[in-house]
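Below you'll find the structure, written out as structure tokens, and then a few comments.
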Protein chains: 2
Amino acid sequence: MSIQTRRERERAERERLIVTAARELAEAEGWDAVTTRRLAAEIEYSQPVLYSHFKGKTAIMAAVAVQGCAEMAVELRTARTAAKGRHGALAAVGEAYTAFARRRPALYDAMFTLRVDLPFATPEAPAALQEAFGELLAAVEPIAAEGDDPGLLTETYWAALHGLVTLMRSGRLPERAHQRRLELLTRHFTAGAQRAGA
Amino acid sequence: MSIQTRRERERAERERLIVTAARELAEAEGWDAVTTRRLAAEIEYSQPVLYSHFKGKTAIMAAVAVQGCAEMAVELRTARTAAKGRHGALAAVGEAYTAFARRRPALYDAMFTLRVDLPFATPEAPAALQEAFGELLAAVEPIAAEGDDPGLLTETYWAALHGLVTLMRSGRLPERAHQRRLELLTRHFTAGAQRAGA
DNA sequence: ACAGGTTGGCTAGCGCTGCTAGAATTCGTG
DNA sequence: CACGAATTCTAGCAGCGCTAGCCAACCTGT
């Protein structure tokens, strides 16, 4: 039994190695630079080894994405709990979200931009993903008006943040006025509650 | 001189053919299916001919994107001018925007999602692109509050629409409640003006 | 300690991609 | 009709994601 567990442990270790290498390579040079060949060289194994751990390249990216979700969730929570008031919390979370996307573009792409078959709006979605969304929800819910569905409002706010990030990243929005756009967005969302606090 | 102009005319004709073929293929099977080989076969020329017209595949996509912008501008204008009131106009434009994205996904991708070196937020941006943005601006401007920069507010609204579209298209938001999310977005944007009309 | 059998990694290669150098053909002109 | 220039095509490069099948290293039982 012991040798079995040792093998499984080594396997798990190597899987971790693959995901880490993929992530680091992506963060250093972008996902285009993450080829199965380079990844194999990085972990000092041959290509086919990757396929004994993951179904394909997109599965590796999905694993990286899940890691990213977990980290984002932490950052969103930190920002939210440190802020004061409903408006402050929403602003802080929006700020933290876009800051994360700009600081870790490769991670963000894996999570929310690139095609990478992860289940999203279903109960089978990874826990880390649900946590991240939960943080957004916790910030949006307090500013929801009477009849508003908090979940839908959160999705809408999320989409707005995502749009800002992606359009900026692809050069379609100038980076310059990001802060002001973000403030406009947050203000309009809290204003919808009609009785916005400070 | 005549033969020179004839050649130029034929060249322009073929260029049109390339763009049209690329667009049709993309709309039928997605941009992944648009390879230089298939495109060449479609226009009944060999691959290198494409490169005598365009710098590369992304340049062809850019040409398709410009076409798409022109069409979207028309549709946005139609929707805006047919609507009544500031709120109605904004809602109509938002509706038209997302409807366009869902009806012509390949066109939308070329315009706003895929990497395709087009100048965007500069004076050198294609006229069609500026027109499309101008339509959004015309819908957003009337609902801008006193101190708000209409341009920035438009960019923010645009980003929100873009986020809704892309997250939905990539399966990260369920298609089901799209209409309600769009209404939430529009309502919150008009609410920011504090004196929202009907 | 050594043979047998199984697990697992590696080499080599497939079909595809965007793109290009240089041969070949067509075309207008003297 | 033959020459010169412009243009199109054939063929190929380097790289991609992925996989079949060989080979070696390892654990097990005597």
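Values in this document were obtained by computation on a predicted structure and should not be read as measured data. Every heavy atom of this structure was used, including side-chain atoms; hydrogens, water molecules and symmetry mates were not. Every chain is numbered from 1 and lettered A, B, ... according to where its sequence line falls, protein lines coming before strand lines.
Rounded to a whole Å, the CG atom of A:Asp117 is 15 Å from the C1' atom of D:dG17. To the nearest angstrom, C1' of D:dG15 lies 15 Å from CD of A:Glu29. Residue A:Ile60 contributes atom CD1, which lies 12 Å from atom C1' of D:dC18 at whole-angstrom precision. Between A:Glu10 atom CD and D:dA25 atom C1' the separation is 13 Å, expressed in whole Å. Rounded to a whole Å, the OH atom of A:Tyr45 is 13 Å from the C1' atom of D:dA25. Rounded to a whole Å, the CG atom of B:Leu50 is 13 Å from the C1' atom of C:dT20. Going from atom NZ of B:Lys55 over to atom P of C:dC19 covers 9 Å, rounded to whole Å. Taking atom NE2 of A:His53 as the reference point, atom C1' of C:dG8 lies 10 Å away to the nearest angstrom.
A 6.0 Å sphere centred on CZ of B:Arg14 holds more than 12 heavy atoms belonging to other residues, nucleotides or ligands. More than 12 heavy atoms of other residues, nucleotides or ligands sit less than 6.0 Å from atom CZ of A:Arg169.
Place A:Val34 and B:Val49 on DNA chain D by their nearest nucleotides, and B:Val49 ends up nearer the 5' end. When each of B:Glu44 and A:Pro48 is assigned the nucleotide of DNA chain D with its nearest heavy atom, B:Glu44 is the one assigned upstream, toward the 5' end.
The side chain of B:Thr36 contributes no N or O atom lying less than 4.0 Å from OP1 or OP2 of C:dC19. Proximity of B:Arg14 to the phosphate of D:dT8: a side-chain N or O atom is located under 4.0 Å from OP1 or OP2.
Distance alone, capped at 3.5 Å, places no donor-acceptor pair between the B:Lys84 side chain and the B:Ala89 backbone.
Considering only side-chain atoms of B:Tyr51, the nucleotide from D:dC18, C:dG18, C:dG9 that sits closest is C:dG18. In the set D:dG17, D:dC27, C:dC10, D:dC27 carries the atom at the smallest distance from any side-chain atom of A:Arg7. Which of C:dG13, C:dC10, D:dC9 sits closest to the side chain of A:Arg37 comes down to C:dG13.
Across all strands, B:Ser46 comes closer than 4.0 Å to base atoms (heavy-atom distances). If you check every strand for non-hydrogen atoms under 4.0 Å, B:Arg11 touches nothing.
Residues A:Val74 and A:Met111 do not share a hydrophobic cluster, defined by chaining ILVMFWY side chains whose heavy atoms lie under 4.5 Å apart.
Judged by atom type and distance alone, A:Gln47 reaches the base of D:dC18 through a side-chain donor-acceptor pair under 3.5 Å.
Heavy atoms only, all atoms of each residue included: A:Ala139 and A:Leu90 are closest at O-CD1, 3.8 Å.
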